**Q** 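Sharing a structure here in structure tokens format.
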Amino acid sequence: MRSSSNPAFRNLQGRGNVGYAGFGSPQGYPQGGMPGYGVDQAPPTQADRPITVDDVVMKTATTLGVALLTGIITAVLVLGGSISPYPPLIIGGLVGLVVSLIVIFKQTPNAGLILTYSAAEGVFLGALTGVFETFAPGIAFQALLGTGLVFGVMLVVYRTGAVKVTPKLTKWVIAAAGGAFLLMLVNLVLSLFGVDMGIRGAGPLAIIFSLVVIGIAAFMLLLDFDLADQMIREGLPSKWAWYAAFGLMTTLVWLYVEILRLLWALNSSD
């Protein structure tokens, strides 16, 4: 199984009924495979049946729906002056980070945790969107539209095979994503000392950097699609559709934030 730049999917490797390196059978199954393969077990439950495309689509739609709902409510409250944007921004961000780390390191398809993550990210993104919308009205719709278009285009690119997800491409995307995150971390640290690298502002360099990062996030979607596709081919239990949805959600959150930043930079440079 190829590795993914998305930490959620990358940590999933090794799980499945095919016995990936370093792991045996999926959680909940004895060594020897899934029900019906040489092991006397009770009849399989709904969660035990093999994952399908519909499972991934429905779980992804559910997680995105929860995030969209909490995001809209938070943004409306922020824009209406009912609440300050900072508490939901901080709390939503921290809760989302903690829950995502739990899901990633425990490698669990727990629907409750993943929906909690979606709700927390919705609150965080809603507060962030409310702040940006104050300075640039209409930017939220543009960012949502842009995110949806990138997602749709990359899905078509993947399904048509216009770009093949190869080990070489995977390595390049992972390296690019790691480099971008490292550069943003260095910029954050330097900003604490009053040093501005110019990659997170509103100048030409910031616009170029945002475009590059959006491109990286778009290619990360290809890797995520491929990993979800492999989960289906390997016949993981249907409950893992929640984990696939979580992995896609993490990439879409990053993509939306970067598109939001790009639109703000373009508006500010006018």
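In this chain, numbering begins with 1 at the start of the sequence shown. Keep in mind that what you see is a predicted model, and the values were worked out from it rather than measured.
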**Q** How close do Trp242 and Ile114 get, heavy atom to heavy atom, and via which atoms?
**A** O-CD1, 3.3 Å
**Q** Please find the pair of heavy atoms, one from Gly247 and one from Asp224, that lie closest to each other, and give the distance.
**A** O-OD2, 3.9 Å
**Q** What are the two closest non-hydrogen atoms of Met154 and Ala218, and how far apart are they?
**A** CE-O, 3.5 Å
**Q** Do Asp55 and Ser238 get their side chains close enough for a donor-acceptor pair, meaning under 3.5 Å?
**A** no
**Q** Do Phe151 and Tyr256 have ring centres separated by under 6.0 Å?
**A** no
**Q** Would you sort out whether Met249 and Leu64 count as a side-chain contact (heavy atoms from CB on, under 4.5 Å), showing the intermediate values?
**A** CA-CA 7 Å; Met249 180 77 185; Leu64 291 176; 3.4 Å; yes
**Q** Can you name the one residue among Val173, Thr170, Asp229 that meets side-chain contact (heavy atoms from CB on, under 4.5 Å) with Val165?
**A** Thr170
**Q** Does the side chain of Gln230 come within less than 4.5 Å of Arg233's, by heavy atoms?
**A** yes
**Q** Could you tell me which non-hydrogen atom of Gly130 sits nearest to which non-hydrogen atom of Leu79, and how far apart they are?
**A** O-CD2, 3.4 Å
**Q** So, for Asn187 and Gly198, which heavy atoms are closest and what is the spacing to 0.1 Å?
**A** OD1-N, 4.4 Å
**Q** Which atom pair, heavy atoms only, marks the closest approach of Ala140 to Glu133?
**A** N-OE1, 3.0 Å
**Q** Check whether any side-chain heavy atom of Phe124 lies under 4.5 Å from a side-chain heavy atom of Leu89, and answer yes or no.
**A** yes
**Q** Begin from the C-alpha positions of Arg200 and Phe209 and carry the test side-chain contact (heavy atoms from CB on, under 4.5 Å) through to its verdict.
**A** CA-CA 8 Å; Arg200 299 276 79 176; Phe209 182 74; 3.4 Å; yes
**Q** Could you label the plane-to-plane angle of the Phe181 and Trp254 rings as parallel, tilted or perpendicular, counting under 30° as parallel and over 60° as perpendicular?
**A** parallel
